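To keep things clear, I will list the structure first and then write my remarks on it.
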Amino acid sequence: MPKKPPATTSVEEKLDEIVLRLKHLDRRDRLRTIGGFFRGVIGLIPIAVLLLSVWYFYEHGDELLAKIAQQAAEQAASVTQQGAGSFMEQFEGLLGR
């Protein structure tokens, strides 16, 4: 329950109390404004990362796709070579060579 001011307070004391409460509210609002600014800046970071990655893929997308295709072809060739080698060994074993 809020404290009630004494009944014998003067107008000046009441005004001083109002000014004091307004100063506290002003300080709190200033801190909330600063905090909101920093939260907003931090909230912009993912958007900036998204835009930069979209730009990078737009500029270098063909290079990335070519590199991925080349690596996939190399891996497929090595797997095929390993698989074919063991298949040939098994086939030769069946033939008795």
Side-chain angles (χ1 to χ4, degrees):
M1 198 169 198
K3 292 191 289 183
K4 292 184 180 180
T8 59
T9 57
S10 66
V11 174
E12 289 84 19
E13 290 174 353
K14 289 179 183 179
L15 288 175
D16 288 338
E17 181 70 26
I18 291 171
V19 168
L20 181 66
R21 290 185 189 257
L22 287 175
K23 284 182 182 178
H24 287 294
L25 289 174
D26 185 43
R27 183 173 43 184
R28 187 193 72 180
D29 287 342
R30 190 177 317 119
L31 289 174
R32 288 178 68 196
T33 302
I34 292 170
F37 172 76
F38 285 118
R39 278 194 304 270
V41 168
I42 290 172
L44 291 177
I45 291 173
I47 295 171
V49 169
L50 175 71
L51 291 176
L52 287 173
S53 64
V54 166
W55 171 80
Y56 182 81
F57 286 125
Y58 178 75
E59 290 292 322
H60 303 286
D62 53 347
E63 298 169 16
L64 289 172
L65 289 175
K67 194 172 194 178
I68 289 171
Q70 179 185 5
Q71 287 180 355
E74 289 173 0
Q75 287 179 358
S78 69
V79 167
T80 303
Q81 230 175 15
Q82 290 173 356
S86 65
F87 174 74
M88 290 304 291
E89 289 173 4
Q90 290 176 0
F91 187 68
E92 286 175 3
L94 289 173
L95 291 177
R97 289 187 183 180

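Just so it is clear, the structure is predicted and the values come from calculations on it, not from any experiment.
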(Q) With clusters defined by side-chain heavy atoms of hydrophobic residues (ILVMFWY) lying less than 4.5 Å apart, directly or transitively, does V41 cluster with I34? (A) yes
Q: Walk me through it: do R21 and E17 pass the test salt bridge (Lys or Arg N to Asp or Glu O under 4.0 Å)?
A: CA-CA 6 Å; R21 290 185 189 257; E17 181 70 26; 3.1 Å; yes
Q: Please tell me if the side chains of L64 and Y56 come closer than 4.5 Å, counting only heavy atoms from C-beta onward.
A: yes
Q) Do L52 and V54 share a hydrophobic cluster (ILVMFWY, side-chain heavy atoms under 4.5 Å, transitive)? A) no
Q.
How long is the straight-line distance from CZ of F57 back to CD of E63, given to the nearest 0.5 Å?
A. 12.0 Å
Q. Could you state the interatomic distance from CG (L15) to CG (L20), rounded to the nearest 0.5 Å?
A. 12.5 Å
Q: Enter the distance from D29:CG to L22:CG here, rounded to the nearest 0.5 Å.
A: 10.5 Å
Q. Out of R32, R30, H24, which one pairs with R28 under the side-chain contact (heavy atoms from CB on, under 4.5 Å) rule?
A. R32
Q.
Please say yes or no: joined through hydrophobic side-chain contacts below 4.5 Å, possibly via intermediate residues, are L51 and L44 part of one cluster?
A. yes
